[in-house]
Amino acid sequence: MINRTRRLRKTEGIRRLVRENKLTVDDLIYPLFIEEGENIETEIVSMPGIKRFSLDKISKELDEVVELDIPAVLLFGIPTSKDDTGSETWNDNGIMQQAVRFIKKNYPSLYVITDVCFCEYTSHGHCGIIHDNDVENDATLVNLAKQVVSHAKAGVDMVAPSGMMDGMIQTIREALDNTGFPNLPIMSYAVKYSSAFYGPFRDAADSAPTFGDRRTYQMDPSNRDEGMREATFDDQEGADILMVKPALSYLDIIRDLKNNFDRPIACYNVSGEYAMIKAAAEKGWIDGERVMMESLLSMKRAGADIIITYFAKEVAKVLLKK
Ligand SMILES: [Zn+2]
């Protein structure tokens, strides 16, 4: 007897009925780069369609996000002044804090998440305080606590620490609990690899390290079991959502987390993944829209509940057409 699996693929009607995974606008978080200053609307060359905005120029972008019903944005701040500790990150009037207040006031329905790290704010571009040419973990945790409390006071809805410091989730949870923010959730960049796919982001956020690389804190792309260890610690320390970054080359890790943790799983569809599709589509070598939809669907199928993506607006438009 032949097993005729093709029976359930015969028409669009039956394909719809048996479709296992769907991408919806509810899954999406749109990253935004907000630069301190005025009259800034700079296209990022390696990320066509994505811009850095100053706050006075960002309303059109936010109007569009709200109109497309994208539920959330993830903010990255680009300050005018940097120093060796990234002290602007805990300035209550810093660019990130201003951005949070501006968006929550003018777009109250939009869920605002802040990236919590130091690399856009340090003169050396690393994710914390430097000692002996490496990031000093525990000294960085002290500043991390100051940063999240400052974001919380500005009115952020969720914080997303991305620096891969040991103990960062416990530090942040305690800092928020002790300052009257026990209900503020944490989305941890729990399994973040030291990846070449971040290249275009560093142009966007002005955060390339001036010496060395991030391999003493971000994970080795060869490792899978270690991802489980990282996620286990963040789960125990109180992370509400666990993230895998990047997404497309790490679908196995997304599935590992989905199978092993009773928490929502997020993935970050990073700048290099975006740039590759954009570049190939521009050359006419692939159907950009279909490849975009297929790659994001693969993240859902792998187990992601939430996808952070520069494609969010385009995906929302495609979904509206259907
Ligand atoms: Zn960083």
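Quantities reported herein were computed from a predicted structural model and do not represent experimental measurements. We count ligands from 1, going down the list as the structure has it; atoms in each ligand are counted the same way.
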Restricting to pairs with a member in residues 157-196, which pass ring-ring contact (aromatic ring centres under 6.0 Å, His included), not counting sequence neighbours?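 For residues 157-196: Tyr193-Tyr250.
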
Is any side-chain N of the basic residue among [X] and [Y] closer than 4.0 Å to the acidic one's carboxylate O?
X      : Y      : result
Asp27  : Lys22  : no
Glu314 : Lys278 : yes
Glu64  : Lys313 : yes

Can you name the residues that form a ring pair (Phe, Tyr, Trp, His ring centres under 6.0 Å) with Tyr274, not counting sequence neighbours?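 Only Tyr310, Phe311 meet the ring pair (Phe, Tyr, Trp, His ring centres under 6.0 Å) criterion with Tyr274.
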
Would you mind listing every salt bridge (Lys or Arg N to Asp or Glu O under 4.0 Å) that reaches into residues 151-169, with sequence neighbours excluded?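 Applying salt bridge (Lys or Arg N to Asp or Glu O under 4.0 Å) to every pair that reaches into residues 151-169, excluding sequence neighbours, yields Asp92-Lys153, Lys104-Asp157.
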
Sorted by chain and residue number, which protein N/O/S atoms are under 2.8 Å from the Zn ion (ligand 1)?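 N, O, S partners closer than 2.8 Å: Cys117 SG, Cys119 SG, Cys127 SG.
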
